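A short write-up of the structure that comes next.
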There are 2 protein chains.
Amino acid sequence: MTHAPVPPRRRSAGDRRAQLVAIGLELLPTTPVQELTIDEVARRAGISRSLLFHYFASKRDYYTAVTRAAADVLLEHLAPRPGLPADEQATGMLERYVGWVETYRDAHLSFVRGAAAGDPWVAGIYEETREALVDLTLTALELPDDARRRQLVRAWFAFTEDLVIQWVREPTMERAELVALLRGFLTSLLDA
Amino acid sequence: MTHAPVPPRRRSAGDRRAQLVAIGLELLPTTPVQELTIDEVARRAGISRSLLFHYFASKRDYYTAVTRAAADVLLEHLAPRPGLPADEQATGMLERYVGWVETYRDAHLSFVRGAAAGDPWVAGIYEETREALVDLTLTALELPDDARRRQLVRAWFAFTEDLVIQWVREPTMERAELVALLRGFLTSLLDA
DNA sequence: GTAGCTTGTTGACCGTTGCTCAGCAAGCCG
DNA sequence: CGGCTTGCTGAGCAACGGTCAACAAGCTAC
């Protein structure tokens, strides 16, 4: 009698899609998005490659879905908490951002890397995410958004991203100091 | 009588290597580094795939060589001009950097993108380049380099990179203003 | 000039991977 | 039971990275 090696179950379309995206998210921390192979994902899901192509038209279609899912989780985590005074929202977001990078280090780095990577589609998704973050920040600061301000906030976010990632790897200052520094630069940038 | 379609010539090892890297550099602006195919490169060089593998052990080996070549060109362009007073060096570098991005827009974007991309080897090369730029900046400012300062300068460079790329796409201020803003940001960062 | 060495160069072949397609089979309704 | 929808598979193709044995261009040595 052999241990029947997981008899493949029939699932609803929604379930399968969700399962496949979830597998992609699990793999994200260890593998750059575009490098994960269809074979591997299908194997983990216990299905054939063909089935994956039934749900996602192409490999790109698949990993953009995974990337978008990752972006959504991040955005939701950073979303402003209602009921706080407006000027604390920005600081709160910053603190949540730092906490996020601290907690999900590798996964986040993988996400950022994959996002900036060669593939224009994935890059596009990350662009959207950044724009959304800029929107969040500007409304949190109750500032109107002209083109110039958007550019500055976006660049400030690049600064933040880089510094936080470095800081997590080698903390050269107190956590509070880091947040204060980032916060201070944002305001001084927008005042000038 | 047929037009002999470019009779393949025998070249010295050095020539071939240089030619192949040059082709990679030409392709950089239009194609993310890791996505250029060996077939395409070989075809452009008028040689067989096999020959490329004779000079580069693997595809990765090839495109890291291309990436390194691109990085070298950039570094050389930014290198401090001897004979200038120390405090003008930083501004000069900044201006050359802005000019560089203005001139080579797509190629540079492709380089940055490819550099941050999934492949750890390519990412490593870009890391080195950034570190070298940080070194250049710190010595230009005649500052000692502790870990904290390095982090700040690196993050500032991320800021600069992002802002300049955005600015080239949509100039929201005068060129001089941009350079002054970046320069001012750097000094105020290092004073705090 | 021809034998022989070095070395630039190639074509044939292999394994993997993204992707297609015809068709099987599980569940459900009549 | 027959027939319908639909989740699902296996065989197979094309493209790509990579290997290998062998050819051939140019040089030197006799």
Side-chain angles (χ1 to χ4, degrees), chain A residues 2 4-24 27-28 30-68 114 117-122, chain B residues 2 4-24 27-28 30-68 114 117-122:
Chain A
T2 63
V6 185
R9 294 273 211 77
R10 221 177 141 88
R11 293 204 192 191
S12 77
D15 274 9
R16 265 287 180 253
R17 256 191 93 96
Q19 181 204 18
L20 293 172
V21 170
I23 290 177
L27 258 35
L28 249 195
T30 59
T31 321
V33 210
Q34 12 188 358
E35 279 180 28
L36 42 80
T37 76
I38 297 293
D39 270 317
E40 172 74 5
V41 177
R43 207 175 48 72
R44 294 212 175 205
I47 61 171
S48 65
R49 262 166 312 166
S50 317
L51 189 55
L52 199 149
F53 283 108
H54 181 68
Y55 292 107
F56 302 91
S58 66
K59 180 186 180 179
R60 172 137 61 198
D61 199 48
Y62 173 65
Y63 67 59
T64 51
V66 173
T67 304
R68 202 174 291 273
D119 190 282
W121 296 78
V122 182
Chain B
T2 64
V6 183
R9 293 272 212 78
R10 217 178 145 90
R11 294 203 190 192
S12 77
D15 274 8
R16 266 288 180 245
R17 257 191 93 95
Q19 179 205 19
L20 293 173
V21 170
I23 289 178
L27 258 34
L28 249 196
T30 59
T31 321
V33 211
Q34 14 188 354
E35 278 179 29
L36 42 80
T37 76
I38 297 293
D39 271 315
E40 172 73 6
V41 176
R43 206 175 48 75
R44 294 212 175 205
I47 62 172
S48 65
R49 264 165 313 170
S50 317
L51 189 54
L52 198 149
F53 284 107
H54 180 69
Y55 292 106
F56 301 91
S58 65
K59 181 187 180 178
R60 171 137 61 199
D61 200 48
Y62 172 66
Y63 67 57
T64 52
V66 173
T67 304
R68 202 174 291 274
D119 190 282
W121 295 78
V122 182

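Quick caveat, the model's predicted, so the values are computed rather than measured. Throughout, protein chains are lettered first and strands after them, A, B, ... in sequence-line order, and every chain is numbered starting at 1.
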Starting at atom [atom1] of [X], determine the distance to atom [atom2] of [N], rounded to an integer number of angstrom.
X: A:Q19; N: D:dC8; atom1: CD; atom2: C1'; result: 13 Å
X: A:R60; N: C:dC19; atom1: CZ; atom2: C1'; result: 14 Å
X: B:L51; N: D:dC20; atom1: CG; atom2: P; result: 17 Å
X: B:D61; N: D:dG17; atom1: CG; atom2: P; result: 14 Å
X: A:R11; N: C:dA26; atom1: CZ; atom2: P; result: 17 Å

Any protein N or O atoms within reach of nucleotides 15-18 of chain C? Criterion: under 3.5 Å, listing atom names and distances.
residue, atom, partner, partner atom, Å
C:dG18, OP1, A:K59, NZ, 2.8
C:dG18, OP2, A:I38, N, 3.1

Short side-chain N/O contact to C:dT9 OP1/OP2 from B:Y55, under 4.0 Å: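 It does, given that an N or O in the side chain of B:Y55 lies less than 4.0 Å from OP1 or OP2 of C:dT9.
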
D:dC8 phosphate, OP1 or OP2, under 4.0 Å from A:R16 side-chain N/O: yes

Taking [X] for its side chain and [Y] for its backbone only, find out whether a donor-acceptor pair lies under 3.5 Å.
X: A:R17; Y: A:Y55; answer: yes
X: B:Y62; Y: B:L20; answer: yes
X: B:T31; Y: B:L28; answer: no

Non-hydrogen atoms of A:A57 and A:D61 that approach each other most closely: N-OD2, 3.3 Å

Minimal non-hydrogen separation, A:Q34 against A:K59, with atom names: O-NZ, 2.8 Å

Axis deviation across the helix from C:dG1-D:dC30 to C:dG30-D:dC1, five-pair ends, to the nearest 10°: 30°

Sequence-aligned protein contact record of nucleotides 22-27 of chain D, with B where the base is within under 4.0 Å of a protein heavy atom and S where only the sugar-phosphate is: ---B--

Check: A:S50 side chain, D:dG10 base, donor-acceptor under 3.5 Å: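 Indeed, a donor on one side and an acceptor on the other fall under 3.5 Å apart.
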
Are [X] and [Y] close enough that some pair of their side-chain heavy atoms sits under 4.5 Å apart?
X: B:T67; Y: B:W121; result: no
X: B:L51; Y: B:R16; result: yes
X: A:F56; Y: A:V21; result: yes

From A:L27 atom CG to A:L36 atom CG, the distance as rounded to the nearest 0.5 Å: 6.0 Å

From CD1 (A:I38) to OG (A:S48), nearest 0.5 Å: 11.5 Å

Test side chain to side chain contact (heavy atoms under 4.5 Å, CB included) applied to B:V41 and B:V66, B:I47, B:L52, the passing residue: B:L52

Touch class at under 4.0 angstrom, heavy-atom based, for A:H54 against every strand present: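 It contacts sugar-phosphate atoms only.
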
